[in-house]
Amino acid sequence: MRNARILMLGTVTAGALLASTSQSSSIVGSKHDMSAAAWNTTKTLCGTCHTPHNAIAGQPALWNHQVTTATYTVYTSTTMNAVVGQPSGTSKLCLSCHDGTVALENFGSVTSGANFVTGVNNLGTNLSNDHPISFTYDTALATADGQLFDPATAQWNGAGSGTIAAKMLFGGQVECASCHNPHDNQFTFFLRKSNAGSALCLTCHNK
Ligand code: HEC
Ligand code: HEC
Ligand code: HEC
Ligand code: HEC
């Protein structure tokens with residue numbers, strides 16, 4: 001009985017905290033919950049991005065949102081060891097809303113939407129001022145750079161144990177989803193882990 005009451009109190013407190021900050025490990029109520037948007041006529045939650053059937057051919061994750069065809073200015077720097085190419089993999093899925101060229105409601109059979117991400121959420125097609133993505137991060141790169149942890153052995157130290165390579169890389173590459181989880185907003189900005197004290201940065205960078 002006593003334990004049950006303590007448990008209930010705990011639940012109420014957690015609920016109140018979540019409601020006041022909109023921080024949650026669920027997509028529900030986050031900025032990726034577009035189910036209440038005026039343009040979302042079917043009020044779908046997952047469907048703005050995924051579909052169980054007839055997904056777009058050649059895209060990962062049963063993709064349902066019109067994919068960007070933009071060409072990007074990528075990050076370059078004289079001190080970089082990695083070679084950065086055009087965005088690929090799941091990063092192109094993110095950019096299909098976040099480069100501002102494809103409307104939010106262009107999913108399913110819609111191709112003529114008029115609502116776009118705005119402000120800081122619109123990264124544009126010039127990614128030269130954004131953290132590099134879509135490049136291989138392996139032991140050789142860490143050795144050549146000298147100030148990166150070896151992704152094959154260093155732990156990511158987030159939820160569930162695992163190396164950087166296992167938990168943060170996609171096909172061995174750094175992508176948007178290395179740092180972001182589009183379904184989980186518990187750390188704000190859909191971050192994979194807290195960046196307090198730059199903890200996210202210091203997962204890979206040995207500075
Ligand atoms: C705003 C776009 C967006 C919405 C909405 C969304 N997802 Fe995703 N989802 C993605 C992207 C991008 C990926 C690929 C990157 C990744 O794996 O994190 C993905 C990957 C996945 C994957 C495969 C990898 C994994 O994380 O397990 C599953 C399963 C998934 N989503 C389920 C869902 C479900 C279920 C919903 C609705 C409750 C949903 N998603 C809503 C963008 C979205
Ligand atoms: C279907 C369109 C869509 C896709 C695909 C999508 N997003 Fe978003 N994203 C949005 C919208 C809409 C917002 C809110 C914009 C606003 O409030 O102005 C947003 C907001 C965000 C924010 C800011 C969150 C905050 O709390 O301020 C981040 C970070 C983000 N998205 C990352 C991603 C990443 C990374 C991916 C791919 C893994 C992705 N998004 C895929 C539509 C999308
Ligand atoms: C190396 C880690 C990392 C990568 C890779 C990354 N982001 Fe982020 N992103 C962050 C952090 C950290 C923030 C939180 C705000 C800040 O610190 O500026 C953020 C913020 C954002 C925001 C909110 C607007 C803003 O500028 O604050 C959006 C939208 C976003 N990211 C989308 C993306 C997309 C799309 C990609 C891939 C093209 C991507 N991110 C790749 C770390 C990353
Ligand atoms: C998943 C691993 C990972 C995370 C997390 C990460 N980075 Fe990186 N970052 C890299 C790799 C790998 C490179 C490429 C380094 C190279 O080739 O010289 C890089 C490149 C950079 C560069 C460009 C270096 C140059 O020489 O021009 C900067 C700056 C940077 N990261 C800052 C950050 C910051 C700030 C954060 C936290 C918001 C962060 N990184 C998070 C892996 C990561």
Side-chain angles (χ1 to χ4, degrees), residues 18 22-75 84-127 130-136 158-160 162 165-193 200:
L18 292 177
S22 209
Q23 265 174 255
S24 159
S25 55
S26 164
I27 190 170
V28 176
S30 78
K31 291 203 169 173
H32 281 166
D33 178 351
M34 296 165 235
S35 60
W39 48 260
N40 192 343
T41 49
T42 60
K43 302 301 168 205
T44 179
L45 172 63
C46 311
T48 53
C49 293
H50 306 285
T51 180
H53 303 291
N54 298 311
I56 299 173
Q59 297 300 330
L62 294 171
W63 200 246
N64 196 35
H65 194 271
Q66 187 185 340
V67 179
T68 176
T69 56
T71 304
Y72 299 87
T73 305
V74 302
Y75 183 92
V84 180
Q86 286 291 309
S88 59
T90 55
S91 294
K92 272 197 89 160
L93 306 183
C94 308
L95 289 166
S96 294
C97 288
H98 285 285
D99 73 6
T101 68
V102 184
L104 294 170
E105 64 268 51
N106 285 12
F107 62 90
S109 53
V110 179
T111 53
S112 56
N115 294 283
F116 297 85
V117 289
T118 55
V120 290
N121 293 307
N122 179 359
L123 303 186
T125 58
N126 184 349
L127 303 179
D130 298 293
H131 193 283
I133 50 153
S134 300
F135 65 93
T136 298
K167 291 290 193 177
M168 303 181 88
L169 304 182
F170 299 81
Q173 297 208 312
V174 175
E175 302 290 358
C176 309
S178 298
C179 297
H180 297 282
N181 178 345
H183 314 107
D184 183 337
N185 202 32
Q186 65 179 304
F187 299 117
T188 70
F189 292 108
F190 298 111
L191 293 178
R192 298 280 310 277
K193 59 189 278 189
L200 173 67

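Numbers for residues simply follow the sequence, beginning at 1. Everything quoted here is computed from the prediction, not taken from an experiment. These numbers come from the heavy atoms of this one structure, side chains and all, not from hydrogens, waters or symmetry mates.
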* Could you give the distance from CG (N106) to OG (S112), rounded to the nearest 0.5 Å? -> 6.5 Å
* Structure fact -> Nearest heavy-atom contact between D184 and S24 is OD1-O, 3.5 Å
* **Any side-chain heavy-atom pair of P60 and L93 under 4.5 Å** => yes
* Asked: Checking N185 side chain against F190 main chain: does a donor-acceptor pair fall under 3.5 Å?
  -> yes
* Considering non-hydrogen atoms only, spot the tightest contact between I27 and P182 and give its length. => CD1-O, 4.0 Å
* Structure fact -> The side-chain contact (heavy atoms from CB on, under 4.5 Å) partners of N122 (sequence neighbours excluded) come to V117
* Asked: Is there side-chain contact between L62 and P52, with at least one heavy-atom pair below 4.5 Å?
  -> no
Could you pull out every donor-acceptor pair under 3.5 Å between side chains of residues 96-104 and any protein atom, sequence neighbours left out?
{"unit_1": "S96", "atom_1": "OG", "unit_2": "T68", "atom_2": "N", "d": "3.0"}
{"unit_1": "S96", "atom_1": "OG", "unit_2": "K92", "atom_2": "O", "d": "2.7"}
{"unit_1": "H98", "atom_1": "ND1", "unit_2": "N121", "atom_2": "O", "d": "2.8"}
{"unit_1": "D99", "atom_1": "OD1", "unit_2": "T101", "atom_2": "N", "d": "2.8"}
{"unit_1": "D99", "atom_1": "OD1", "unit_2": "T101", "atom_2": "OG1", "d": "2.8"}
{"unit_1": "D99", "atom_1": "OD2", "unit_2": "T68", "atom_2": "OG1", "d": "2.7"}
{"unit_1": "D99", "atom_1": "OD2", "unit_2": "Y72", "atom_2": "OH", "d": "2.5"}
{"unit_1": "D99", "atom_1": "OD2", "unit_2": "T101", "atom_2": "OG1", "d": "3.4"}
{"unit_1": "T101", "atom_1": "OG1", "unit_2": "T68", "atom_2": "OG1", "d": "3.4"}

* To do: Please name all residues satisfying side-chain hydrogen bond (donor to acceptor under 3.5 Å, both in side chains) with N115, sequence neighbours left out, ordered by chain then number.
  => E105
* Asked: Are the side chains of D130 and L123 in touch, meaning some heavy atoms are under 4.5 Å apart?
  -> yes
* **Side-chain touch T51/F107, heavy atoms, less than 4.5 angstrom** => no
* Heavy-atom side-chain contact between L127 and T73 under 4.5 Å -> no
* To do: Could you tell me which residues satisfy side-chain contact (heavy atoms from CB on, under 4.5 Å) with S109, sequence neighbours excluded, listed by chain and number?
  => none
Less than 3.5 Å apart, which donor and acceptor atoms pair up between the side chains of residues 167-176 and the rest of the protein, not counting sequence neighbours?
{"unit_1": "E175", "atom_1": "OE1", "unit_2": "S91", "atom_2": "OG", "d": "2.4"}
{"unit_1": "E175", "atom_1": "OE1", "unit_2": "S134", "atom_2": "OG", "d": "2.8"}

* State which residues pass side-chain contact (heavy atoms from CB on, under 4.5 Å) with L191; sequence neighbours excluded, sorted by chain then number. => H180, F187, F189, N195, L200
* Roughly how far apart are I56 CD1 and N64 CG, rounded to 0.5 Å? -> 6.0 Å
* **All side-chain hydrogen bond (donor to acceptor under 3.5 Å, both in side chains) counterparts of H183, not counting sequence neighbours** => N181
* Structure fact -> Nearest heavy-atom approach of S26 to S30 is O-CB, 4.3 Å
* **Sequence-distant partners of D33, side-chain hydrogen bond (donor to acceptor under 3.5 Å, both in side chains), two or more places apart** => S35
* **Residues which pass side-chain contact (heavy atoms from CB on, under 4.5 Å) with A37, listed by chain and number, not counting sequence neighbours** => W39, N40
* Structure fact -> The ring pair (Phe, Tyr, Trp, His ring centres under 6.0 Å) partners of H50 (sequence neighbours excluded) come to W63
